[in-house]
Amino acid sequence: MALDIEKIIADLKESTIVELNDLVSAIEEEFGVEAAAPVAAAGAGAAEAAEQTEFTVELASAGSAKIKVIKAVREATGLGLKEAKALVDGAPSAIKEGVSKDEAEELKAKIEEAGGSVEVK
């Protein structure tokens with residue numbers, strides 16, 4: 001007995017949602033399977049595979065040593081004094097976006113050492 005796949009697909013296209021739901025229920029009952037289980041497993045696997053590789057370093061606040069934080073931001077970003085000061089004054093603001101985890105952690109350590117508080121997202 002050969003399956004006529006094209007005919008099955010044509011029949012499915014012409015079916016209503018209620019009929020398709022009944023078909024899924026009948027298949028689950030007949031073969032002892034559950035249609036939702038593979039979808040849930042695939043979703044969990046995809047979440048694990050999608051590990052974050054790019055990070056954004058965001059200055060939360062300059063703290064009390066604002067000048068040291070401005071210097072650290074200038075050193076890390078290559079911005080001029082005016083731009084770095086505007087970035088620090090506008091906190092919370094992104095210092096660098098799309099950086100590796102190691103670079104983000106290194107930048108976080110430098111800014112925190114200067115007295116600012118940083119979040120890596």
* Structure fact -> Checking Val73, Ile70, Val69, Thr77 against Leu87 for side chain to side chain contact (heavy atoms under 4.5 Å, CB included), the one that qualifies is Val73
* Structure fact -> Looking only at heavy atoms, the pair that brings Glu105 and Val120 closest together is OE2-CG2, 4.4 Å
* **Test log, rule salt bridge (Lys or Arg N to Asp or Glu O under 4.0 Å), inputs Lys96 and Glu103** => CA-CA 10 Å; Lys96 277 194 170 182; Glu103 186 177 351; 3.0 Å; yes
* Indicate the atoms forming the closest heavy-atom contact of Phe55 with Ser100, along with that distance. => CD1-C, 3.9 Å
* For atom CD1 of Ile67, is the number of surrounding heavy atoms from other residues, nucleotides or ligands below 6.0 Å larger than 12? -> no
* Asked: Would you call Lys71-Glu75 a salt bridge at under 4.0 Å N-O?
  -> no
* **Beyond-backbone contact of Thr16 with Asn21, side-chain heavy atoms, under 4.5 angstrom** => no
* Asked: Any salt bridge between Glu83 and Lys85, counting N to O under 4.0 Å?
  -> no
* Stepwise salt bridge (Lys or Arg N to Asp or Glu O under 4.0 Å) check, Lys108 with Glu106 -> CA-CA 5 Å; Lys108 179 181 178 182; Glu106 183 180 323; over 6 Å; no
* Flag yes if Val24 and Leu12 sit in one hydrophobic cluster, no otherwise; membership is Ile, Leu, Val, Met, Phe, Trp, Tyr, and two members link when side-chain heavy atoms are under 4.5 Å apart. => no
* **Ile8, CD1 atom: more than 12 neighbouring heavy atoms under 6.0 Å** => yes
* Evaluate the side-chain proximity of Val88 to Lys66: yes if any heavy-atom separation is below 4.5 Å, no if none is. => yes
* Structure fact -> Tightest non-hydrogen contact, residues Arg74 and Leu81, listed as NE-N, 3.5 Å
* To do: Nearest 0.5 Å please: distance from the CD1 atom of Ile111 over to the OG atom of Ser117.
  => 10.5 Å
* Structure fact -> Between Glu112 and Val118 the two heavy atoms that sit nearest each other are OE2-O, 3.9 Å
* Structure fact -> One should read off an interatomic distance between Asp22 CG and Ile17 CD1, to the nearest 0.5 angstrom, of 11.5 Å
* Asked: Any idea which heavy atoms bring Ala72 and Lys110 closest together, and the distance?
  -> CB-O, 4.3 Å
* Would you indicate whether Glu19, at its atom CD, is surrounded by more than 12 heavy atoms from other residues, nucleotides or ligands within a distance under 6.0 Å? => yes
* Heavy atoms, side chains only, cut-off 4.5 Å: are Glu97 and Glu58 in contact? -> no
* Co-membership, hydrophobic cluster, residues Leu20 and Phe31, 4.5 Å side-chain -> yes
* Which heavy atom in Ala60 sits nearest to a heavy atom in Glu119, and how many Å separate them? -> CB-OE2, 4.2 Å
